Every structure is written in C-alpha cells, then in structure tokens.
Amino acid sequence: LFEDSYGVADAVAFGGMLNALLRHCDRAKIACLAQLVNVIAPIMTVPGGGIYRQTTYYPFLNASLYGRGTVLDLKTGGDVYESKRYGTVPYVDSAAVLSESGEVSIFLCNRHLTEEAEVSFALQEFGGYLPVGHTVLTGEPDARNTAESPESVVPAEGAPVIRDGDKWKTVLPALSWNMIRFARPAESKKAMEHFDSGNRKNGFDRDRRIFHRKRLPLRAEPDNQRTQHGRRLHGVHILRLFPAVSLDGKRVLLRFRPSC
C-alpha cells in the first residue's frame, strides 16, 4: 500500500494551493482533500494504535478554522523569481479572509528556501485593527513528522507584528507557512484568548519560539544589505487589504468542508 510522507516544503506548497483556492473562490466553489487519514493524508495512523499529524495538517487546519467568511482583495508587491513552467512567481504568496465576526486572517507562504521576507501590511479600511497573533510552520525542507517523532515539525509563535507608521510589519522565515490575524481593538483581547486556546487544543506550541525575544527592531533594508543577525531580507513585501471582492453585487464566500 502506497503511503506518502510530507515535509516542510510540501506543507508550504500545500498552503500555496489553499491560498490559490481562496483567491479564486469566484471560480473554485468547492475543494476536497482526499484522503483525510492515511495513504496521502494529513493524518496518519500506526498499526496497533497511535496517530500523528503530517506537516500538511497545519495549513489545512488554519484554512479550515480561519478561512471562513469573505475573501478580501489583496494588492501585493515584492520580489519575484522566474520558474520554467509558470514564468514570474512572487516569493511571498498570500490570501486574506474577513470572518463574519469581523476578524481578518492573512495566510502567507514564503517560498524562498534560504532568505527571510519582511512583509508590510497596509490595512486600508481595517486601519483600526490590532494584531491578534502570528503562527508559523517552518524548518528544513525535508523535515517531517513520524510515528517515532510526531512533533518534529509543529507551528510556533512567529515574529512580532509591529507598527510601522500607518502600516504593520513582520518577518516570515525562509520556507514557511504563516497565519497572521487582526481584530478590532475591542475584540482583539478576546480574539487573542480564543486564538491561544485554539492553538493549544490543536497542537500549536507557543513555547517553541523560533525568534529571540531580544530581536532588534525590524527595518527595511536594500537587497544588498544584511540584518544585524546576518540574514538578508529579500526585499520588502507590501500587502494592501481592500473591501471584499464583489461579483455581480454579491460578496464572495468560500467555505471549506471535509471531503467525507
């Protein structure tokens, strides 16, 4: 029986597919994941008992929990690379959803294998919103979970989302899947508590931090310069969030449902 094992690179690629479905929800009305358990699934069982999550489980979890609502129109800019099949491709892939409760969830993939990406958010009509949290899944491209080591790759707390004038900015690790959430000021504390509770319930580990607390303040740098940590930020990526996409005067909704 064929069973596939997925690493961090697979999780980032899978996250990009989820983002594509969100961005094209005017055409992709439904998407199914087959299978959900074993073979090519995000959840694996062990003969005789036991279960563990593959790396692809976590982007699907994020999209399932927080990708519900109205897809927002993102205007983006940043560094790109040339691919043989698809031509010019951005290093940072993104999608954003406005929930029925008014929270904004942004899903981001940094496809670069070795370099971090500084991302700046211009929230436009959501300018009064505050960051709720940033989770990230990253690691070596081939790093994966197994029955013997089921938590080798799990989401951790990402870099802080800090204010930069009328924008917000943060850093995405190289080869990473990220989810960043914003909420209205009155709801941000409640949303953060819910966010933390959900993370603990679903296997997120805020204690496994990948960034030092004493990290120096972020700043935009030319591409030929490096941060004081010795790692180059490949450009500054700008994301502008606008009101929901409108088709024929109707809001576009995308809801994920299990394929079963």
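Quantities reported herein were computed from a predicted structural model and do not represent experimental measurements.
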Per-pair distances, 0.1 Å, donor-acceptor, side chain in residues 37-51, under 3.5 Å, sequence neighbours excluded:
residue: Asn38; atom: OD1; partner: Thr45; partner atom: N; Å: 2.8
residue: Asn38; atom: OD1; partner: Thr45; partner atom: OG1; Å: 3.2
residue: Asn38; atom: ND2; partner: Thr45; partner atom: OG1; Å: 2.8

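Here CZ of Arg23 is found 8.0 Å from OG1 of Thr76. Values are rounded to the nearest 0.5 Å. Note that the CD atom of Glu100 and the OG1 atom of Thr70 stand 7.5 Å from one another [nearest 0.5 Å]. Between atom CG of residue Asn110 and atom CG of residue Asp93 there is a gap of 10.5 Å, rounded to the nearest 0.5 Å. Between Phe107 atom CZ and Leu18 atom CG the span is 8.5 Å, to the nearest 0.5 Å. Atom CG of Leu61 and atom OG1 of Thr56 lie 11.5 Å apart (nearest 0.5 Å). The CG atom of Asn178 sits 11.0 Å away from atom OG of Ser94, with the distance rounded to the nearest 0.5 Å.
In the hydrophobic clustering of this structure, Val8 does not group with Tyr52; members are Ile, Leu, Val, Met, Phe, Trp, Tyr whose side-chain heavy atoms approach within less than 4.5 Å, directly or through other members.
Side chains of Leu33 and Phe14 form a contact here, defined as non-hydrogen atoms less than 4.5 Å apart. When side chains are defined from C-beta on, Trp168 counts as touching Phe182, because their heavy atoms get closer than 4.5 Å. Counting heavy atoms from C-beta on, the side chains of Pro141 and Leu175 come closer than 4.5 Å. Using a 4.5 Å heavy-atom cutoff, the side chains of Ile180 and Pro131 are not in contact. Residues Pro90 and Arg111 form a side-chain contact, since some pair of their non-hydrogen atoms from C-beta on lies under 4.5 Å apart. By the 4.5 Å heavy-atom criterion applied to side chains, Leu172 and Val136 are not counted as neighbours. Annotation: side chain of Ile106 is in contact with side chain of Phe121 (closest heavy-atom distance under 4.5 Å).
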- Item | Steps toward side chain to side chain contact (heavy atoms under 4.5 Å, CB included) verdict (Met179, His134) | CA-CA 6 Å; Met179 179 177 68; His134 175 194; over 6 Å; no
- Tyr129 and Phe126: ring-ring contact (aromatic ring centres under 6.0 Å, His included), yes or no, with the steps? CA-CA 6 Å; Tyr129 278 43; Phe126 305 98; 5.4 Å; yes
- Message: Let's go through Asn19 and Cys109 carefully: what are the C-alpha distance in whole Å and the side-chain angles of both, what is the deciding distance for side chain to side chain contact (heavy atoms under 4.5 Å, CB included) to 0.1 Å, and is it a yes or a no?
- Response: CA-CA 9 Å; Asn19 283 348; Cys109 297; 4.0 Å; yes
- Message: Applying side chain to side chain contact (heavy atoms under 4.5 Å, CB included) to Val80 and Val89, what does each step give before you reach the verdict?
- Response: CA-CA 5 Å; Val80 299; Val89 178; over 6 Å; no
- Message: If you apply the rule side chain to side chain contact (heavy atoms under 4.5 Å, CB included), what do you find for Val97 with Val104, and how did you get there?
- Response: CA-CA 6 Å; Val97 175; Val104 174; over 6 Å; no
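Listed here is the closest heavy atom pair of Val171 and Ala159: O-CB, 3.7 Å. Shown here for Arg68 and Leu65, the closest heavy-atom pair between the two residues is CD-O, 4.2 Å. Between Thr55 and Ala143 the shortest heavy-atom distance is CG2-O, 4.0 Å. Tyr58 and Val153 make their closest contact through CE1-O, 3.7 Å (heavy atoms, listed as atom of the first residue, atom of the second, distance). Nearest heavy-atom pair, Ala183 versus Val132, reported as atom, atom and distance to 0.1 Å: CB-CG2, 3.6 Å. Of all the heavy atoms in Pro59 and Gly15, the pair that sits closest is CB-CA, 4.1 Å.
Put simply, the side chain of Thr170 never gets that close to the backbone of Glu118: no donor and acceptor are under 3.5 Å apart. For His24 (side chain) and Arg27 (main-chain N/O), no donor-acceptor pair under 3.5 Å exists by modelled atom type. Gln54 places a side-chain N or O within donor-acceptor distance of the main-chain N or O of Asp4, the cut-off being under 3.5 Å. Between the side chain of Ser105 and the main chain of Gly67, no donor-acceptor pair closer than 3.5 Å is present.
No hydrogens or angles considered: a donor-acceptor pair under 3.5 Å links the side chains of Asn62 and Trp177. Remark: the Ser5 side chain and the Arg144 side chain contain an N/O donor-acceptor pair separated by less than 3.5 Å. For the 3.5 Å distance criterion, the side chains of Thr135 and Glu157 fail to qualify, holding no donor opposite an acceptor. With 3.5 Å as the limit, one finds a donor-acceptor pair spanning the side chains of Ser149 and Ser152.
With Val71 as reference, Leu22 is the one residue of Leu21, Asp26, Leu22 to meet the side chain to side chain contact (heavy atoms under 4.5 Å, CB included) rule.
Note: Tyr81 and Tyr91 meet the aromatic proximity criterion, with ring centroids under 6.0 Å apart.
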